[in-house]
Every structure is written in structure tokens, then in C-alpha cells.
2 protein chains.
Amino acid sequence: MRILVVDDEEKIRHVIREYAEFEGYEVKEAKDGMEAISKCKEEDYDIIIMDIMMPKLDGFSAIKEIRKTKNIPVLMLSARGEEYDKLFGFEIGIDDYVVKPFSPKEVMARINAILTRVVKKEDEKSTEGKYIYQGLELDMLGRNVYVDGKKKDLTPKEFELLQYLIVNKNIALSREKILNEVWGYDFFGEDRTVDTHVKMLRNSIGKYRDNIITVRGMGYKFEE
Amino acid sequence: MRILVVDDEEKIRHVIREYAEFEGYEVKEAKDGMEAISKCKEEDYDIIIMDIMMPKLDGFSAIKEIRKTKNIPVLMLSARGEEYDKLFGFEIGIDDYVVKPFSPKEVMARINAILTRVVKKEDEKSTEGKYIYQGLELDMLGRNVYVDGKKKDLTPKEFELLQYLIVNKNIALSREKILNEVWGYDFFGEDRTVDTHVKMLRNSIGKYRDNIITVRGMGYKFEE
DNA sequence: CATAGTTCTCACTAAATTATCACAATGTTA
DNA sequence: TAACATTGTGATAATTTAGTGAGAACTATG
């Protein structure tokens, strides 16, 4: 398990590193939001521990940016008395927060709690059933799609593509990644094949066509 | 959906409130067992989140009292180090518990899990070995199938296939899965064998043939 | 061991799906 | 604005898939 610790105070990064490494985690550090973003582009982490107040780029903005491409769990560190920050944190979906000064043991306990939950969730994913957004309903088990209560017959690829976009909603996905995940690693066709299927999928889901956003120079994403 | 949060720490009540309200729940608070009991007398809640250690009246005693008149699901909060063996031994039937310090997202995940479970339970009605859909009757014990009151002689495989499809109705089943479950894991024949049996089964069940839906690129499902 | 019933494979057909291409439309940059 | 790059889309050919009939292989039973 890999952890990214983001804080401008060297002392804090150090303390968390000590404890986390003791529990067998691999730890990397960043000292501000900008650095965190670039580290996340380089490699994947299982969880990010991030301070809010930092030079260059604050924690919230960094998370917002990172979440555009990756859905990594986040534990926020906030200074005492910053209640409004918490509120904002809920909206961008942080997983937990700890108020400074904290006990390292408590931080580790929370990290462990988050990671067990995430692991469990991924187990359940395969059997998980339904996604509903306004009048768009995706029944993964029954392989049905309803638009405003009306059943739509999607082709297999259309269904799988929609499912993949929705499972990774709000995340920009490159054509390459989509091909790998939906078509499989053994597909060696054109990138643009994705475009054609997006076109057909858009036609199939009526007014929700606009929720499939084109991310220029990259690929597509489903946006709630 | 209405939630009652019972804890003597204002901070904890507040955190849960923020997350729960963000997810659309209506939240009320109580700061000890006595207050919880009186709140429950006033109005109904869909779930109670309750700490164990509280002044005036502890969580267990409060639940015991509330359960005398109402059967509300309960999520318990317990501090680390408290003997939660007690929870298991306890006869009052707690639905879940979370150890402090917890991640708010974890608590929400558990709340959601409990509530969906409760909703599902209410939907379920035991079928007792018999499945009836309109004029289609499947008697699992007697291994008989009736179509509009008329007995149909299915071959063993036809019966087992129909039974499997019906037990998993509204779920799209791959040919592979069907083979594994109906034929057994030691069958190494063709995928398409399933097709042939579906063909025969369809012919055997008259007008209900259309309830066996072909899921293109995947397999089949029985749809009510 | 003969027979009827059942199960499985195969080959063929019809139909649906998919991938690619060419060109149009749109966005971006110098 | 012109030149360029990227995405949208219609048409179409190639591929894949499911339905089915015929018959071989298998099984149980007397």
C-alpha cells in the first residue's frame, strides 16, 4: 500500500512517515499542492494524507485537480478551528479528516479504516446493482438501461462503455484507457473506434447524451 | 430518511450531521440516552446512530428501552478499547457498530448498507420452493412445471436450466456461468450447448418463451 | 443389448454488431 | 483569419453472434 503525505511542515511529514512505514506502507512526500499533483501524475497512490493550508496551492484545490483524473481516498489534516473547511471537504468527497494537533496513532487508525472500507467496496463492486442519475437508470445485473422509465436496447459495447464511464464518473478517461478496460488489452484497433461508440451511445441515451463530455486532447468522461 | 444521532460529544454529532445531510438525510440529535428515548417517543426515525458511553443513560440501556416499543435499526459507536465482545453477546440485536475514531464516510457507508438491507428485507417474501409468475408455475420440490395449469414434461436439463434462470431472475447470466452452475464445474463442452437447451426450453414453456431473454454478447436471463 | 429418451456438437442462416474510413464540423493556435 | 488539429458522424464492409434443424453420442431402463 502506497501513501502520499502532503504537508509543508517537514516535521509532520516525518512523523507520519515513521508510523506508516512501521506498519508496512510505502510513503512518498510532497510539500505543497503543486508537488502533490505532479507526484500523482507520475504514479498511483492508495491514499493521500493532505494538509489544507499550504503555500503555492492549498489542499482542497489540489484534491479537486487530482480527482479529475483519479479517484484516490483522501484524509485531510486541518488546523483547529477551521470548521468551514470541513464543510467544503464533504462536497469534494474527502474520506475523513483529522484536526491538528493530532496523535499519530489516531491518524494511522483512520488511514487503516479508510483503506479497509475501500478494499471492501471494490469487492462488492462486481455484484453491485444499480446506478441512477435523474431519469437515467443503469441496471448492471439485469443489463438494462432506462431513460426516463423507458427501456433502451443498447448493444453490448454500448452497455459496457456506459457502465465503464459511469463507474468512473467525473473522471476524464483517455481513449487508450477506455480501450484497455472495455475492449481488453488484446485489442489493437484504432483509437477513434471509441469515438464512434460514444456517438452511438449518445444517440442511445437521449437527453443524457450531454452527460458524456468530450475531453479534448484526451478522451471522454461521464459527468453527473 | 430520518436519522437520530446520539452522542455526548458535540463534535461527533456535528460531523455525522454534515455528512448525512449532504446525502439527503434528515438529522436530529440527542446528547444522552434519556434524551434519545424521549425523542423516539416524539417521532419515528429510520435509523439510530448511538454512542455507548454517555452520561445519564448509556447507549445499551437506551436501545433496550426504545426497542420495547419500536424496532428501529441501530448503528453503535464504541470507543477503542471498550469491550465490543459485549456487542456480539448482547441480545438486543444491533445492526452494526463502528469503532472510534471512525471515518465519516465509513459511517455513512454503513448507514446506507443497513437501510438498503432493511428495505430489501421488506420486499422479500419467501416462496417456499414454489415459483409462480402469472400462469407459469415451477414446483421445485416436485420438479413439476405447469403452464396455465397444464403440466409440461421437461427433461432434467431443461428443468434445471429453467430453475436456475428463475432463481436468478432479472439477472443477466453468462453462458459460462450457466454452464458452471447448471452443468457443473467439470463440464468442458461448448458454450453454445446452452443455446440449444434454451431453444428446447423455450419450446417447452409455450407463451412464456419470451420471458427468457437473450442478452447479446453475454448469455440469457429470465425476466418477470 | 435394444430402445427410447436425452444430451451435445456441428453446420448453416439470418441478423446484429463492430471497426474503419472519409468527410463535415468544430475547436485551437500562430 | 488561415492553417492546423481534433472530434462528430454517416455509410459500409467485415465480423460476430444467436437461432435452429439434423444427427451423432450418450444414458437409463427393462
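The analysis underlying the following values was restricted to heavy atoms, covering all of them including side chains, and did not include hydrogens, waters or symmetry mates. Throughout, a chain's letter reflects where its sequence line sits, starting with A, and its residues are numbered from 1.
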Between [N] and [X], is there an OP1 or OP2 to side-chain N/O distance shorter than 4.0 Å?
X: A/Thr155; N: C/dT18; answer: yes
X: A/Trp183; N: C/dT18; answer: no
X: B/Tyr220; N: D/dG19; answer: yes
X: A/Thr196; N: C/dA19; answer: no
X: A/Thr214; N: D/dG8; answer: yes

Taking atom types as modelled and ignoring hydrogens, do the side chains of [X] and [Y] form a donor-acceptor contact shorter than 3.5 angstrom?
X: B/Glu137; Y: B/Tyr133; result: no
X: A/Glu23; Y: A/Asn112; result: yes
X: B/Arg209; Y: B/Asn203; result: yes

Nearest-nucleotide pick for [X], side chain only, options being [options]:
X: B/Arg216; options: D/dT17, D/dG8, C/dT26; result: D/dT17
X: B/Glu190; options: C/dT9, D/dT20, C/dT20; result: C/dT9
X: A/Arg202; options: D/dT20, D/dG8, C/dT20; result: D/dG8
X: B/Pro156; options: C/dC21, C/dT6, D/dA11; result: C/dT6
X: B/Phe187; options: D/dG8, C/dT9, D/dA18; result: C/dT9

- Closest heavy-atom pair and its distance - A/Leu4, A/Cys40: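 The pair with the smallest heavy-atom distance is CD2-SG, 3.9 Å.
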Tell me what [X] touches on the nucleic acid: a base, only sugar-phosphate, or nothing, going by heavy atoms under 4.0 Å.
X: A/Lys157; answer: sugar-phosphate
X: A/Phe159; answer: nothing
X: A/Arg192; answer: base

What is the distance from [atom1] of [X] to [atom2] of [N], rounded to the nearest Å?
X: A/Lys221; N: D/dT7; atom1: NZ; atom2: P; result: 14 Å
X: B/Lys199; N: D/dT17; atom1: NZ; atom2: C1'; result: 16 Å
X: B/Asp195; N: C/dT13; atom1: CG; atom2: P; result: 18 Å

- 5' precedence on DNA chain D between B/Val215 and A/Met218 (nearest-nucleotide basis):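 Result: A/Met218.
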- Query: Is the side chain of A/Asp46 donor-acceptor paired with the backbone N or O of A/Arg2 at a distance under 3.5 Å, no angle test?
  - Reply: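 Judged by distance alone, yes, a pair lies under 3.5 Å.
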